[in-house]
Amino acid sequence: MVESEDTGTEELGTERVHRDIKSMVRKLSDNQWEIPIGHIPNMRVPGRLFVSENLLGGIDPDTIDQIANVATLPGIQKYSMAMPDAHLGYGFAIGGVAAFDAEEGVISPGGVGFDINCGVRLIRTNLQKEEVVPKIKTLVDELFKNVPSGVGSKSRFRASDRELDSAFLEGAKWAVEAGYGVKADVEHCEGNGCLEGADLSHVSTKARARGKPQIGTLGSGNHFLEVQYVDKIYDREAASAFGLEEGQVTVMVHCGSRGAGHQICTDHLKELSQAVKKYGIEIPDKQLACAPAQSREAQNYFKAMLCAANYAWANRQMITHWTRESFEKVFSRDADDMGMSLLYDVAHNVAKLEEHNIDGRKKEVYVHRKGATRAFPAGHPEVPAAYRDVGQPVLIPGSMGTPSFILCGAKEAMDVSFGSACHGAGRIMSRVQAKKEFQGQSIKDDLEAQGITVRATHPSVIAEEAPGVYKSSSEVVNVVHELGIARKVARVIPIGVAKG
DNA sequence: ATGTGC
């Protein structure tokens, strides 16, 4: 038997057997595919994958199995979903969305991810591309200097234990009150940058120790701080509500809860692995550790997860402050004067208690979004007043050399995807493979030639995040746009990137 | 993603 390096193969004894992705799914419409009950035993609901026919070919069969695995969990509603940027994750696929009945269902850390409240924020400026391009190298250097990045990086801010408590409990609100931003920043964060119910008693000493020196740090991997410009407007009315116009410079921040969230996830995974046995829940994969939503174990995780979510908002808020300071230094003007206001901040790794209409009935569910962005439509009370008539801003980062997109939550989202859309381009190559395939310096030179300045802690970071390791962000975004769950508003092009 | 392995 000929060995293949294709992803569509699996070990079967010594042979590798090709698994045809098309035979695993049933086409429902151009961008919707069903993974039928029976794909694996004990599925309670079908799976549903939102991809174009072209993107379907790039989905790993193991990712399909992960979507099906989630469909076996107690209390799952409607179907186990995955967005067009779906790929293999810990237990749940990244790009996965699953809602569980608040009484009969479960809560699972695998459905949130290790980087709790990894998310994206977009800061507007009133600067034009032409004003920023000549100074981009100085600006990227300044941002790189002011916002610590890289694995294990430490913040310029020395948090006391009390301040750490406040970051966990109050999120962006605390950071603003401590002088790192303005009140309007908080109003333009999902959930006002703070989820209620956070409880410090479920955050370990170890998680605190890791989190204490890291408030206001970028981290590593796909996290970045990027200077961009708006090159295309798709929806004039929405763009106007979002304060966006062609040629305008924006800044995008992508990062999460750093070591604190990682430790909280690790700690509670241990406890929930025990709980699975205690409550006799049958799971097809150990990585799907979970507990009944109302159990002590699940609620302890949930309350700790809320601490990590709030920490991540404080983190992005602090980074916003230093971003403003960096611009002030380079352009010798006030941040206010440069119109540096927050457009919005989304969480794309989080579980939330939400009310949804299911089969004509209103129901409380724990919506797990793991690499998926909330996308509430116009009129929803959770959408900030300034955007209420348009829909919630949905921020979709591309890779280093490719466009990012600003969308708005649209009507179909509530019926089709529990008010959710995609979260990014979606990785198609492992970090190890990327380092074999690409050289950091040559990728950096290529990007430079395209007018994109990159500054990273190490060239290998650039290789691992090379544009070629991601799907096309435009292709991914087109799927959610065509489905009517989020509508394209604007496209932004990178000119400068600071990375861990 | 992550003091990038137990």
field: Most 5' of A:E465 and A:V151 on DNA chain B, judged by nearest nucleotide
entry: A:E465

Interatomic distance, A:I94 CD1 vs B:dT2 P [rounded to whole Å]: 13 Å

message: Could you work out, with side chain to side chain contact (heavy atoms under 4.5 Å, CB included) as the rule, every residue matching A:Q274, not counting sequence neighbours?
response: A:K277

task: Measure from OH on A:Y90 to P on B:dT4 and round the result to the nearest Å.
output: 17 Å

- prompt: Given atom CZ of A:R427 and atom P of B:dT4, what is their separation to the nearest angstrom?
  reply: 18 Å

- request: Report which part of the nucleic acid A:G256 touches: base, sugar-phosphate, or nothing (heavy-atom distance under 4.0 Å, all strands).
  value: nothing

- prompt: When you check the side-chain N and O atoms of A:Q317 and A:R121, is any donor under 3.5 Å from an acceptor?
  reply: yes

message: Any side-chain N or O of A:R431 below 4.0 angstrom from OP1/OP2 of B:dT4?
response: no

- prompt: How would you label the contact of A:S257 with the nucleic acid (heavy atoms, under 4.0 Å): base, sugar-phosphate, or nothing?
  reply: nothing

task: For A:Q214, answer base if it contacts any base atom (sugar-phosphate contacts may also be present), sugar-phosphate if it contacts only those atoms, and nothing otherwise; contact means non-hydrogen atoms under 4.0 Å.
output: sugar-phosphate

query: Whole-Å distance between B:dT4 C1' and A:D115 CG?
result: 14 Å

field: Length of the CG-P vector between A:L269 and B:dC6, whole Å
entry: 13 Å

statement: Rounded to whole Å, CG of A:N315 lies from C1' of B:dT2 at a distance of 14 Å

message: Tell me which pairs pass ring-ring contact (aromatic ring centres under 6.0 Å, His included) where either residue lies in residues 55-97 of chain A, with sequence neighbours left out.
response: A:Y90-A:F114

message: What is the separation between atom CZ on A:R258 and atom P on B:dT4, rounded to the nearest whole Å?
response: 12 Å

message: Are there over 12 heavy-atom neighbours, none belonging to A:Q439, within less than 6.0 Å of that residue's CD?
response: no

message: Regarding A:K206, tell me which of base, sugar-phosphate or nothing describes its non-hydrogen contacts under 4.0 Å with the strands shown.
response: base

message: Centroid separation under 6.0 Å, is that true for the rings of A:F100 and A:H368?
response: yes

task: Round to a whole Å and report the spacing from NZ of A:K270 to C1' of B:dC6.
output: 11 Å

